[in-house]
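Whatever order the structure lists them in is the order used to number ligands and atoms, beginning at 1.
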Amino acid sequence: MKKVLSIVVGLLLLTMAIGCGSNTSSDKSSAGKGDKQIVMGFSQIGAESEWRTAHTKDIKQAAQDAGIKLIFSDAQQKQENQIKAIRSFIAQGVDIIAFTPIVETGWDTVLKEAKDAKIPVIIVDRDVKLNDDSLYVAKIGTDSVTEGQNAFKWIDEYMKKQNKKPRDGGDKFNIVVLEGTVGSSVAVRRSQGFTEAMKASPDASKYEILASQTGEFTRQKGQEVMESFLKSYGDKIDILFAQNDDMALGAIQAIEAAGLKPGKDITIISIDGVKGIFQAMIEGKSNCTVECNPLQGKLLMETAKKILKGEKVEKNVFVKEGVFPADTAKDTLPSRKY
Ligand code: AHR
C-alpha cells in the first residue's frame with residue numbers, strides 16, 4: 001500500500017512540474033509550433049486618420065485569421081503611452097511584441113528591456129532610429145522616401161503635361177506642404193523624398209516650397225493650416241503636397257471656402273490612397289494619391305510565426321504600393337479595400 005501511495009504522489013508531482021513550466025521563456029520560443037496559442041502585444045498610435053483605422057482593422061482581422069491572441073493597446077498619439085504599453089506586454093510575458101512607433105527616436109531603453117526579457121520585437125508601418133538595430137527583429141511597412149519621391153515626380157510631369165503656368169504670373173510654381181506628425185519617420189522621410197526628387201529634377205528651378213507645416217495627419221488640422229497658408233499666400237499657391245489624404249481632404253474644404261477650385265486652381269497631391277480621396281478625385285477636387293498600403297496584418301502575423309519558430313526573416317519588408325492619378329479614380333474606387 002505504502003509503495004502504491006508513493007508512486008501516485010510521484011506521478012502527481014511530475015504532472016505539476018510540467019504544468020508550471022508552461023510560462024518559461026524556452027516555451028515562448030516554441031510557440032507557433034501548434035501546441036500553444038501565440039500571444040502578441042501590439043501598440044497602435046491611435047486613430048488619427050482613415051488610413052490608421054484601416055491599419056488597425058487589418059491587424060485585428062489578421063490576428064484572428066492566424067489564430068494569434070492579440071493584446072491591443074491604443075496610445076492616443078502619445079509616445080509615453082506606447083512605452084507604458086510595451087512595458088506592460090513585457091510584464092505579462094507575451095510571446096512577441098509589435099508596435100507602430102509614433103516618432104522615430106526614444107525607443108532604445110524600452111526595446112532593450114524587451115530584449116533582456118527575450119521577447120522579440122517587430123516594428124510595424126513606421127521606422128525607428130536606434131543605436132543598436134539588434135533591438136528589433138524585423139520591420140514591416142512602407143517606404144516613405146519613395147512615397148515622397150513619387151509625389152514630386154508625378155507633380156513635375158503633370159504640370160508639364162497640362163502646360164500649367166504659375167498663378168502669380170511669375171516663373172516658379174509655389175508649393176505648400178502639409179506635413180505629418182512632427183518627428184515621425186513618415187513625415188521626415190516623405191519630406192526628404194519630395195525635396196530630393198525636386199532637387200534632382202532638370203526643372204528644379206521652376207519650383208519653390210513657400211511653406212511647410214504640420215497638419216498632424218488629421219483632417220481638422222489640415223483644414224486649419226491650409227486656411228492659414230491661404231491667408232498668408234493667397235493667389236500665390238499653385239501646388240499642395242499633403243503628406244496624407246486626410247489632411248488633403250481638410251485642405252480641400254479650406255480652399256473651397258476661400259473661393260478657389262481645389263484640383264484646378266491649386267493642384268493637389270497626397271499620400272495614402274483611402275476611399276475618401278478617390279471620391280474627391282472623381283469630383284475633380286484632387287489630382288493624385290500616392291499609395292501607402294495599410295494592409296500589413298497578414299505579413300505581420302506570418303513574420304511573427306516564423307520568428308517564434310526560430311526561422312530567419314528579412315530585417316526590412318516593404319508592402320506593395322502604387323500611384324493613382326485622378327483619371328484612374330472612377331475605375332479603381334470599387335476595388336479599393338480601405
Ligand atoms: O504611418 C502612416 C501614416 O500615418 C499615414 O500616411 C497616415 O494617414 C497615418 O496617420
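- A distance-only check finds a donor-acceptor pair linking the side chain of T100 to the backbone of V124 [under 3.5 Å].
- Here is the list of ligand 1 atoms found below 4.0 Å of a heavy atom in R126: 1 (O), 3 (C), 4 (O), 9 (C), 10 (O).
- Residue D272 places a heavy atom less than 4.0 Å from ligand 1.
- Ligand 1 has R190 within reach: a non-hydrogen atom of the residue lies less than 4.0 Å from it.
- Looking at D265, its side chain does come within 3.5 Å of a backbone N or O of K261 through a donor-acceptor pair.
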Would you sort out whether M247 and K221 count as a side chain to side chain contact (heavy atoms under 4.5 Å, CB included), showing the intermediate values?
CA-CA 7 Å; M247 293 189 292; K221 198 79 183 152; over 6 Å; no

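- Inter-residue side-chain proximity for V110 and R87 is flagged as met; some heavy-atom pair is nearer than 4.5 Å.
- Heavy-atom separations between D246 and ligand 1 are all 4.0 Å or longer.
- Taking 4.0 Å as the cut-off between side-chain N and carboxylate O, D235 and R167 do not count as a salt-bridged pair.
- With ligand atoms numbered from 1 in the order given, ligand 1 contributes 1 (O) to contacts under 4.0 Å with heavy atoms of V186.
- Ligand-side atoms of ligand 1 in range of S49: 7 (C), 8 (O), 9 (C), 10 (O), range being under 4.0 angstrom from any heavy atom.
- When each atom of ligand 1 is checked for a heavy atom of E48 under 4.0 Å away, the hits are 4 (O), 9 (C), 10 (O).
- Close approach of ligand 1 to N244 is summarised as follows: ligand atoms under 4.0 Å from at least one heavy atom of the residue are 6 (O), 7 (C), 8 (O).
- In E216, neither the side chain nor the backbone holds a heavy atom less than 4.0 Å from any atom of ligand 1.
- Taking 4.0 Å as the cut-off between side-chain N and carboxylate O, R189 and E196 do not count as a salt-bridged pair.
- Taking the ring centroids of W51 and F217, they lie at or beyond the 6.0 Å cut-off.
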